[in-house]
Amino acid sequence: MDLAALRPLPLGGSRTWPDLVRDGALLGFFVAMACSISVSQALLAALCVLVVVWPARQTEAAAAPWSHLASLRAHPLTRPFLVFAGLTLLSAAFSGNPGWSFWIARDLLRIATFYVVLLGTRDSRHAMRLWQAFLAALCLMAAYGLAQAYLCGTRPGWVPAAWLSEICTHAQRVRGPFSIYMTFGGILFLGALLFFAYLANVPWRRAWWMLPGAAITVAALAFTYSRNAWLGLAAGALALVMTARRTLRIVAVLATVLALGTIAMPGPVAERLQSVVNLEDQTLRDRVAMWRAGLSMIVDHPLLGVGPGEVRTWYQHYRRPEAVRPSTGHLHNSAVQIAAERGLPALFAWIWIWVVFFREGWRILTRAEREEPVRRALVCSSLACVGGFLVAGLFEHNFGDAEVATVVLALMAQPWVVERS
């Protein structure tokens, strides 16, 4: 069966109204991940009910309510997720401000994204349609981001000043539909890797239309000036080169993107890119000072940390003399942030999650036939995006970014969707 060829969903008599409601909500959730955290969280809450009561049918026989919950307990990621969640809640209970720490620890609820996508996605073709909807919405947001870059850079007189002040919250960096450019950059680089994964595995006659989407996404990413996202994109692209079905094509595509980017790159973007390796860069020196402060917190609070959400309170006591910012809410490194907030045991549980994911993801990838391009693209994109996310997290606490982490958790479910297919 040619899985890469799109076919209409079976909406005939075999599809009941709970199926349609669940699938519609899941489709809406994937679209909302590209543009609105409020809508995506609302749909995620609804889906938590829908996929438990009416899970997607992976066979012709209708799945009974609650029938899939037992299998989730045996899932390879369930144990590390539970250990990490338990240690986070324990840290919150013993923090200096338990009420606030428990409120911050609500980010654990995002783990439900993984299970909702896993239960709600029927097979590989369904998964690809969902991600194509996400990419279509992301292309629109990328175009909006480029429009922001133009309007904020030129400030044309025909645009009302009130609109410009609302759109241009930063002198140069575009934020798209999100509250900050870091989040927009994180979403864009994940979307770009999804485009590249499709191009790296699917036959050209079915993949060529992905090129314009990839181009507009990478262009918008450049104007976020988010260096951590650029590094994440580079790391994910390297992973795709190593796992791609069509290695020469993806190398050619990436080389073309790099060449065109070098030629057409605006001066400010080039200067920002050069600052990645500039050890005298002020923001880089400030990050190093934050990491050193975080390490001091870990030494003094190794078991349970200072408590979720308490880094800002404790930072004044550990701030280094060379630090630039007087205060910060996070330490611009996911691993350091988690260890400082929740303790070393929580950090080890967090690392356990990724070790299990990559071990199982690689196992599934090696079993995926090279003649099954859509399935291989889904697994490759999952591995590349999560790898890029972790590399970006070396310089930004992106695990605490709700919008970015939600997309990553959805991507993490794809290898098991493929294996089930």
Trp131 ring center within less than 6.0 Å of Phe30 ring center
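Centroid distance Phe30-Trp131: below 6.0 Å, so yes.
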
Check: Does the pair Leu194 and Phe134 meet the rule for a side chain to side chain contact (heavy atoms under 4.5 Å, CB included), with working shown?
Finding: CA-CA 10 Å; Leu194 279 165; Phe134 167 81; 3.8 Å; yes

*asked:* Determine whether Ser95 and Glu341 satisfy the following criterion, side chain to side chain contact (heavy atoms under 4.5 Å, CB included), listing intermediate values before the conclusion.
replied: CA-CA 9 Å; Ser95 78; Glu341 275 193 341; over 6 Å; no

With a 3.5 Å distance limit and no angle check, can you tell me whether [X] reaches the backbone of [Y] through a side-chain donor-acceptor pair?
X: Ser91; Y: Leu87; value: no
X: Thr78; Y: Leu72; value: yes
X: Thr121; Y: Val117; value: yes

**OP:** Just grab all the side chain to side chain donor-acceptor pair (under 3.5 Å) pairs involving residues 354-364, residues at least two apart or on different chains.
**Re:**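 Residue pairs with at least one partner in residues 354-364: Glu360-Arg363, Arg363-Glu419.
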
* Does a salt bridge link Arg292 with Asp286, judged by any charged N lying under 4.0 Å from a carboxylate O? -> no

Here the gap from Leu47 atom CG to Thr113 atom OG1, rounded to the nearest 0.5 Å, amounts to 9.5 Å

Distance col, row Arg375:CZ vs Ser124:OG, nearest 0.5 angstrom, shows 5.0 Å

Counterpart residues, salt bridge (charged side-chain N to carboxylate O under 4.0 Å, His left out), relative to Glu403 (two or more places apart):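 For Glu403, no residue satisfies salt bridge (charged side-chain N to carboxylate O under 4.0 Å, His left out) once neighbours in sequence are set aside.
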
Trp314 and His301: CA distance, side-chain angles, deciding distance, ring pair (Phe, Tyr, Trp, His ring centres under 6.0 Å) verdict:
CA-CA 11 Å; Trp314 287 86; His301 306 85; 4.9 Å; yes

Next on the checklist: Checking Phe114 against Phe81 for the ring pair (Phe, Tyr, Trp, His ring centres under 6.0 Å) test, could you report, in this order, the C-alpha distance in whole Å, the side-chain angles of both residues, the deciding distance, and whether it holds?
Outcome noted: CA-CA 11 Å; Phe114 173 81; Phe81 275 146; 5.8 Å; yes

*Side chains of Arg287 and Glu396: closer than 4.5 Å at any heavy-atom pair?*
yes

